[in-house]
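One structure below.
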Number of protein chains: 2
Amino acid sequence: MPGQVTLSDVAREAGVSLATASRALNGSANRTVGEELRKRVHVAASRLRYSPDGIAQAMARGRTTTLGLVVHDIADPYFSAVAAGVAAAATAGGLSVTLAVTGDDPRREAEVVHQMERQRARAVVLAGGRSGDPEADEALRAAIASFRGIGGAVAVVGRDGLGVDTVVVPNRDGAADLARALHGRGYRRFAVLAGPEQHAAAAERAAGFTSALDALGATVPAPLVLHSPFTRDGGHEAMSRLLAGEGRDVDLVFAVGDVMAVGALTAAREAGVSVPEDLGLAGFDDIPALRDVTPGLTTVRLPLDQIGAEATRLVLQAGEEPVLAPVASEVVLRESTPGR
Amino acid sequence: MPGQVTLSDVAREAGVSLATASRALNGSANRTVGEELRKRVHVAASRLRYSPDGIAQAMARGRTTTLGLVVHDIADPYFSAVAAGVAAAATAGGLSVTLAVTGDDPRREAEVVHQMERQRARAVVLAGGRSGDPEADEALRAAIASFRGIGGAVAVVGRDGLGVDTVVVPNRDGAADLARALHGRGYRRFAVLAGPEQHAAAAERAAGFTSALDALGATVPAPLVLHSPFTRDGGHEAMSRLLAGEGRDVDLVFAVGDVMAVGALTAAREAGVSVPEDLGLAGFDDIPALRDVTPGLTTVRLPLDQIGAEATRLVLQAGEEPVLAPVASEVVLRESTPGR
DNA sequence: TTGTATGCGTTATCAG
DNA sequence: CTGATAACGCATACAA
């Protein structure tokens, strides 16, 4: 029954002291262990099938090698792409990733951060838009402060005002670029599927889009704005609502996320409205798994995996002052907006 | 500076012994602590902002509350859906999830299992098809055996022969059902994008499809079989190859995974072949994020999140004998196979 | 019901 | 270079 095998067993087997065994297998600071003994210890360890107890190591060292990753929904391709970047960077940095999903409940965020604190995680990466619930937001702040109090590092992606390392997603500028590009293709009467009102990233995208349009002058009427959940179904619902109501004369719909956009696409199809012939459609994120929809979706590309990797890098370097790391976005024009 | 606060501090602050403080805050077996003292301890704990050290607890208790989740690629919607199920069930069961991604390297699987053993994880859920590399497979077996040696539970999904709790995915039967359904719609000349030759789940799907076809009699010629990576690009490549070569008279293409199918769909489009007019197309998995592609993809639905949840449940109950938990699949006919 | 004392498996400190 | 031994923070048998 291996696994019950402790370092003491190895030491005894090798005929050395516990301390020497520890040093031989781990060689931390004073890594000077005689070649002779060193070999004996290693042989003994593998003969006994010794597996170091990470918990005990963490305890003795006073620190873990755990990075906490907090997402709303790991099944959402946005988060899973970011998670992939985090996982890769964490592995490269010798950290293991503890995944925490918060679902829809904004209070869960503070909860899981506290949980990470109890686990004594080295760092936490918070992906996901702001909750909008001020109470939950305050609780999150407190949880973060507490976590930093024990020496934990925190980075967030696409969400500001938390006073920690932040990967800044160009929601506003990206949406503005998109608006100008679409205007350049001749679209004039816009609608925005803006997601939930409190969702910060969604709001920034909607605002960036709208104000860029506004800056283009009087030829462009203010866009219709519809709110709905930031999900596939939310996009479907909002598009249905649009087409059933005052959306008749709209010539382009901007959904603030690709996931919403594909829902909207299906809703349009179900309503007998053809994209792109009758209506242009654009999204945001350029989710890899969605690149094969038809028609190809015009969108704003975000380097999702790089964002995750960058957040991880931030959290590993973790200086005193919070740093803002901007990422670039790029408008990708595809068949869903051929122009008119 | 909270976090440095230890249970001893709380005990002192409350004027009780360490043991009483421990029992008051945790109340496990002998949960009998006087209401008076109990309250005093809690007050002291919150006043001092005490955060229990999970590492120390794990050490003292001799067990952790960690579940390891092993996937090839968390960005793959198949795995992220399963991961969502695992995360939900684990949270419900009071476990935290450590995510490990293995990428393409089959040897990483054994490695991460060993890592989970060092972390003294309570359990490991292994998602993902077999590697095919016999050496890596053997290493994985050994790692699993070792992990079980320390009392760890293991469950795998969609991969057999490991002698552990298994969520059995009906690859063979699901594909056979699909074959019959498609035959029923009039398709006769089939091609199979079968994924990598060594990929077990892919092979089972291909085999189930092919042999069901075979059982249907002489009117159905043996399908063309093409191998390529089990990815979007793999599907794209195989479809391109098919259409450029002997695939001219095929009337239905079965890709053994939805992810491959969407790649194939795009390849067909690029080749000027229209789906479903010129060619029917079917996939497998019914990945949620892909349900909005056009035309809607005929596929075999797998309850991915339930699969993850079930695997987690298995691993938490963990009896002596390995149990096989079957899941149901369902053919979903959509526009990509209208029949002919 | 409460307190005392021990042990969990390692690392690290401090002598030899 | 190597070996005792003291932490690490908590849970728990044992004693009172």
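The analysis underlying the following values was restricted to heavy atoms, covering all of them including side chains, and did not include hydrogens, waters or symmetry mates. Lettering of chains follows the sequences in order, A, B, ..., and the numbering in each one begins at 1.
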Ignoring the backbone of [X], work out which of [options] is nearest its side chain.
{"X": "A:Thr20", "options": "D:dG3, D:dC10, C:dT4", "result": "D:dG3"}
{"X": "A:Arg23", "options": "C:dG9, C:dT13, C:dT11", "result": "C:dT13"}
{"X": "B:Asn26", "options": "D:dA11, D:dT2, C:dG3", "result": "D:dA11"}
{"X": "B:Asp53", "options": "C:dT10, C:dG3, D:dC10", "result": "D:dC10"}

Could you tabulate the donor-acceptor pairs under 3.5 Å formed by side-chain atoms of residues 309-318 of chain A, not counting sequence neighbours?
from	atom 1	to	atom 2	distance (Å)
A:Glu310	OE1	A:Arg313	NH1	2.6
A:Thr312	OG1	A:Gly308	O	2.9

- Item | Full working for salt bridge (charged side-chain N to carboxylate O under 4.0 Å, His left out) between B:Lys39 and B:Glu35 | CA-CA 6 Å; B:Lys39 178 168 286 180; B:Glu35 189 53 33; 5.1 Å; no

- Query: Using 4.0 Å as the upper bound for N to carboxylate O, is an ion pair formed by B:Asp53 and A:Arg118?
  - Reply: no

- Message: Looking at A:Glu109 and A:Arg159, is any side-chain nitrogen of the basic one under 4.0 Å from a carboxylate oxygen of the acidic one?
- Response: yes

- Note on the structure: By nearest-nucleotide position on DNA chain D, the 5'-leaning member of A:Glu36 and A:Leu18 is A:Glu36

- Message: Does A:Gly34 reach a base, just sugar-phosphate, or nothing at all? Heavy atoms under 4.0 Å.
- Response: sugar-phosphate

- To the nearest 0.5 Å, what is the distance between CD (A:Gln115) and CD (A:Glu111)? 8.0 Å

Please tabulate, one pair per line, all N/O donor-acceptor pairs under 3.5 Å involving side-chain atoms of residues 89-99 of chain B, not counting sequence neighbours.
from	atom 1	to	atom 2	distance (Å)
B:Thr91	OG1	B:Ala87	O	2.8
B:Ser96	OG	A:Gln119	OE1	3.3

- Can you pull out how bent the helix from C:dT1-D:dA16 to C:dG16-D:dC1 is, comparing the axes over its first five and last five pairs, to 10°? 40°

Using atom [atom1] of [X] as one end and atom [atom2] of [N] as the other, report the distance to the nearest whole Å.
{"X": "B:Leu37", "N": "C:dT2", "atom1": "CG", "atom2": "P", "answer": "4 Å"}
{"X": "B:Ile55", "N": "D:dA11", "atom1": "CD1", "atom2": "P", "answer": "13 Å"}
{"X": "B:Met59", "N": "C:dC8", "atom1": "CE", "atom2": "C1'", "answer": "4 Å"}

- Query: Within the structure, does a side-chain N or O atom of A:Ser22 lie under 4.0 Å from either OP1 or OP2 of C:dA12?
  - Reply: no

